[in-house]
Amino acid sequence: MNTRIFNLLIFIVAFSACQKEETPKPLPEPGYPTTYKVLNQSEWDAVNADFQKINIHEGLRLNEYGFVEGEIVLNEYDSIEKVFFISKIDSIVLRYKKFLGISEDIEINYEEEVLIEAPYLIPYGRLCIKSFFQDIIEFGDEEFWDEMISDMKYEFFISQKNIEGKRFLGPEISFYFENEVNRLNITNNWYPIALVPDVKIYTLDDVIPKACDVLKKRTGKDFWELKHEFGTINILIFLKTEKGVEIRDCWRINALIDDYIYGDMFFDTQTGELLKYQTRGIHI
C-alpha cells in the first residue's frame with residue numbers, strides 16, 4: 001500500500017470517528033424538576049379548610065398554589081421600634097408557618113435573618129433588623145436622618161436560604177408595613193419541598209462552551225480565552241412556567257462582559273438548557 005492511500009485511509013477513519021454521535025446523556029431522574037402546580041378546586045378547598053381553622057384575619061387568603069397572602073389591619077401601629085416589627089412578624093410566622101411554606105423545623109433568628117430595605121445605602125441595599133435599628137439609634141439626632149425615616153417604607157424580607165442544605169436563590173417572603181394606613185401586606189412564600197439531584201448530568205465542562213456561545217450571541221465578543229475567569233456556583237432556583245413553579249438545579253456562570261457589567265447565566269444541571277440570562281452592574 002502506497003503512502004498516499006495509507007494517509008487517505010487514516011483520514012477517513014479519523015473523520016468517521018469525529019462524525020460519531022456523542023454518548024447520549026441520561027435522562028433526569030423521575031420527578032425532576034419538582035413543580036408546584038396550580039391546585040384544582042377540590043385540592044384548594046381541602047387546603048383552605050385547614051387554613052380557615054387557624055386564620056384570624058379577614059384580609060388573608062390562599063393563592064392558587066395554596067400559600068397565604070393578603071393584608072392585616074394593625075390597630076396598634078404607633079411606633080417604629082424594632083420590637084414591634086419583630087413581634088408582629090414572629091406572630092404571623094408562628095400562626096401561618098405551614099401556609100407560608102416554612103417547614104416546622106425551621107427557626108428564624110429575626111434580628112440577623114430578617115432584612116429591610118435601607119434607603120440610605122448607596123446606591124441601594126438591605127440590612128438585617130439588628131444593624132438597621134442600630135443605625136437609627138446612632139444617627140437619630142440628625143435632621144436629615146429624621147426626615148428620611150419619616151418617609152421610608154418598612155418592607156422586610158425573609159429569604160429561603162436552602163432546601164435540604166442546598167443553596168436556594170430567590171424565594172423570599174415580604175412583610176410590608178404601611179404605617180400611614182396601619183396595614184401589613186404579606187406577599188410571596190417559600191417552597192419547602194424539592195427533589196435535589198445527586199448527580200450533575202451536565203458538568204461545568206459541558207456548559208462552559210454553551211456559556212461562551214451565549215455570550216458571543218449577546219455581546220458579539222469571543223470569551224473562550226477568558227473562560228478561566230468565569231465565576232461558577234451550583235445552586236437551586238425557581239422558575240415560573242406554564243406548568244407552574246419549577247425548582248431547578250443549576251450551574252450559575254457569571255462573566256464580566258463590559259466595564260462594571262456582569263452577565264449571569266443559569267444552566268440546568270440535568271438538561272443542560274439555558275434557563276435564564278441576566279445582566280447586573282457592579283456597584284463601586
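Residue numbers count from 1 along this sequence.
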Novice: If every non-hydrogen atom of Gly101 is compared with every non-hydrogen atom of Phe67, which pair is closest and at what distance?
Specialist: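 So the two residues come closest at CA-CE2, 3.8 Å.
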
Novice: What closest approach, in Å, do Glu117 and Gly125 show between heavy atoms, and which atom pair accounts for it?
Specialist: OE1-O, 3.5 Å

Novice: Just by modelled atom types, is the Ile54 backbone N or O under 3.5 Å from a matching donor or acceptor in the Arg95 side chain?
Specialist: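 The answer is yes, because a donor-acceptor pair under 3.5 Å joins these two groups.
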
Novice: Test of understanding: clusters of I, L, V, M, F, W, Y form through side-chain heavy atoms closer than 4.5 Å, transitively. Do Ile163 and Val199 belong to the same one?
Specialist: no

Novice: Say whether, by atom type as modelled, one donor and one acceptor occur between the side chain of Lys25 and the main chain of Ile201 under 3.5 angstrom.
Specialist: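 Yes; judged by distance alone, with no hydrogens or angles, the pair exists.
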
Novice: Are Tyr96 and Ile86 grouped together when hydrophobic residues (ILVMFWY) are joined by side-chain heavy atoms under 4.5 angstrom apart?
Specialist: yes

Novice: So for atom NZ, which belongs to Lys130, do other residues, nucleotides or ligands contribute more than 12 heavy atoms lying within a distance under 6.0 Å?
Specialist: no

Novice: Can you name the residues that form a side chain to side chain contact (heavy atoms under 4.5 Å, CB included) with Leu239, not counting sequence neighbours?
Specialist: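 Applying side chain to side chain contact (heavy atoms under 4.5 Å, CB included) to Leu239 gives Ile237, Thr241, Arg248, Leu275.
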
Novice: Which heavy atom of Val38 sits nearest a heavy atom of Tyr65, and at what distance?
Specialist: N-CE2, 3.7 Å

Novice: Begin from the C-alpha positions of Phe175 and Val114 and carry the test side-chain contact (heavy atoms from CB on, under 4.5 Å) through to its verdict.
Specialist: CA-CA 10 Å; Phe175 301 88; Val114 179; 5.9 Å; no

Novice: Side-chain contact, heavy-atom cut-off 4.5 Å: Leu169 with Phe238?
Specialist: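 Answer no - side chains too far apart.
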
Novice: In sequence, state the C-alpha distance, the side-chain angles, and the governing distance for Glu71 and Leu60, and then conclude on side-chain contact (heavy atoms from CB on, under 4.5 Å).
Specialist: CA-CA 6 Å; Glu71 63 182 35; Leu60 295 182; 5.9 Å; no

Novice: With a 4.5 Å heavy-atom cut-off, do Asn254 and Met265 have their side chains touching?
Specialist: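 With C-beta onward as the side chain, the pair stays apart.
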
Novice: In the structure I gave you, are the side-chain heavy atoms of Thr34 and Val245 within less than 4.5 Å of one another anywhere?
Specialist: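 They are not in contact (no side-chain heavy atoms under 4.5 Å apart), so the answer is no.
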
Novice: Take atom CG of Leu94 as the centre, draw a 6.0 Å sphere, and report whether it contains more than 12 heavy atoms from other residues, nucleotides or ligands.
Specialist: yes

Novice: Scan side-chain atoms only and decide if Ser42 and Asp45 contain a donor-acceptor pair under the 3.5 Å cut-off.
Specialist: no

Novice: Taking atom CD of Gln278 as the centre, does the number of heavy atoms from other residues, nucleotides or ligands within less than 6.0 Å exceed 12?
Specialist: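 Buried by this count: over 12 neighbours within 6.0 Å.
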
Novice: Flag this pair as yes if the NZ/CZ of Lys82 is under 6.0 angstrom from the six-membered ring centre of Phe133 and inside a 45 degree cone about the axis; otherwise no.
Specialist: no

Novice: In this structure, is the centre-to-centre distance between the rings of Phe267 and Tyr202 below 6.0 Å?
Specialist: no

Novice: Evaluate the ring planes of Phe177 and Phe156, with Trp represented by its six-membered ring, and classify them as parallel (under 30°), tilted (30 to 60°) or perpendicular (over 60°).
Specialist: perpendicular

Novice: Determine whether Glu107 and Asn109 make a side-chain contact, defined as any pair of heavy atoms from C-beta on separated by less than 4.5 Å.
Specialist: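 Result no, sub-4.5 Å side-chain heavy-atom pair not found.
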
Novice: I'd like to know whether Tyr154 forms a side-chain contact (heavy atoms from CB on, under 4.5 Å) with Tyr176, so could you lay out the CA-CA distance, the side-chain angles of the two residues, the decisive distance to 0.1 Å, and finally the verdict.
Specialist: CA-CA 6 Å; Tyr154 294 93; Tyr176 174 35; 5.8 Å; no

Novice: What distance do Lys276 atom NZ and Asp268 atom CG have between them, rounded to the nearest 0.5 Å?
Specialist: 14.0 Å

Novice: Cut-off 3.5 Å, side chains only: do Asp264 and Tyr277 have a donor facing an acceptor?
Specialist: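 Absent: no donor and acceptor within the cut-off.
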
Novice: How about Glu155 and Ser174: does a side-chain donor come under 3.5 Å of a side-chain acceptor?
Specialist: yes

Novice: Does the distance from a Lys or Arg side-chain N to an Asp or Glu carboxylate O, for Asp50 and Lys53, drop under 4.0 Å?
Specialist: yes

Novice: Could you pull out every donor-acceptor pair under 3.5 Å between side chains of residues 228-235 and any protein atom, sequence neighbours left out?
Specialist:
residue	atom	partner	partner atom	Å
His228	ND1	Glu225	O	3.3
Asn234	OD1	Lys166	NZ	3.0
Asn234	OD1	Lys200	NZ	2.8
Asn234	ND2	Asp249	OD1	3.3
Asn234	ND2	Cys250	O	2.7

Novice: Indicate yes or no for a side-chain donor-acceptor contact from Ser131 to the backbone of Cys128 under 3.5 Å, with no hydrogens or angles considered.
Specialist: no

Novice: List the atom of Lys97, the atom of Glu104, and the distance in Å for their closest heavy-atom pair.
Specialist: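 Of all heavy-atom pairs spanning Lys97 and Glu104, the closest is NZ-O, 3.3 Å.
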
Novice: Quick check for you: to the nearest 0.5 Å, what is the distance between Leu236 atom CG and Gln160 atom CD?
Specialist: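 Taking CG in Leu236 and CD in Gln160, the distance rounds to 9.0 Å.
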
Novice: What is the distance from atom OG1 of Thr269 to atom CG of Asp206, rounded to the nearest 0.5 Å?
Specialist: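 That separation rounds to 11.0 Å.
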
Novice: What's the separation between atom CG in Asp258 and atom CG in Leu256, rounded to the nearest 0.5 Å?
Specialist: 7.5 Å

Novice: Applying the 4.5 Å side-chain criterion to the ILVMFWY set and letting contacts propagate, would Phe84 and Ile92 be lumped into a single cluster?
Specialist: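 Same cluster.
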
Novice: Say whether, by atom type as modelled, one donor and one acceptor occur between the side chain of Thr35 and the main chain of Lys37 under 3.5 angstrom.
Specialist: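 No, Thr35 side chain to Lys37 backbone: no donor-acceptor pair under 3.5 Å.
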
Novice: Applying a strict under-4.5 Å side-chain criterion to I, L, V, M, F, W and Y, I'd like to know whether Leu184 and Phe157 cluster together.
Specialist: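 No, because Leu184 and Phe157 fall into different hydrophobic clusters, even though each may have its own neighbours under 4.5 Å.
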
Novice: Taking distance alone, no hydrogens or angles, what donor-acceptor pairs closer than 3.5 Å link side-chain atoms of residues 186-198 to residues at least two apart or in another chain?
Specialist:
residue	atom	partner	partner atom	Å
Trp190	NE1	Ile158	O	3.0

Novice: Mark yes or no for whether Asp135, through its side chain, and Phe132, through its backbone, hold a donor-acceptor pair below 3.5 Å.
Specialist: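 Checked: no pair found.
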
Novice: Applying the 4.5 Å side-chain criterion to the ILVMFWY set and letting contacts propagate, would Ile253 and Val214 be lumped into a single cluster?
Specialist: yes

Novice: Should we say atom CD of Gln52 is surrounded by more than 12 heavy atoms from elsewhere, each under 6.0 Å from it?
Specialist: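 Buried by this count: over 12 neighbours within 6.0 Å.
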
Novice: Kindly indicate whether the side chain of Leu115, heavy atoms from C-beta on, has any atom under 4.5 Å from the side chain of Leu127.
Specialist: no

Novice: Once rounded to the nearest 0.5 Å, what's the spacing between atom CG of Leu39 and atom CH2 of Trp44?
Specialist: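 Separation between the atoms: 9.5 Å.
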
Novice: Report yes if the distance between the aromatic ring centroids of Phe51 and Phe99 is under 6.0 Å, otherwise no.
Specialist: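 Distance test on ring centres: under 6.0 Å, yes.
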
Novice: Please round to the nearest 0.5 Å and tell me the distance separating atom OG1 of Thr219 and atom CD1 of Ile257.
Specialist: 6.5 Å

Novice: Please assess Lys216 against Lys221 for the test side-chain contact (heavy atoms from CB on, under 4.5 Å), listing each intermediate value before the final yes or no.
Specialist: CA-CA 5 Å; Lys216 189 168 186 177; Lys221 303 176 184 177; over 6 Å; no

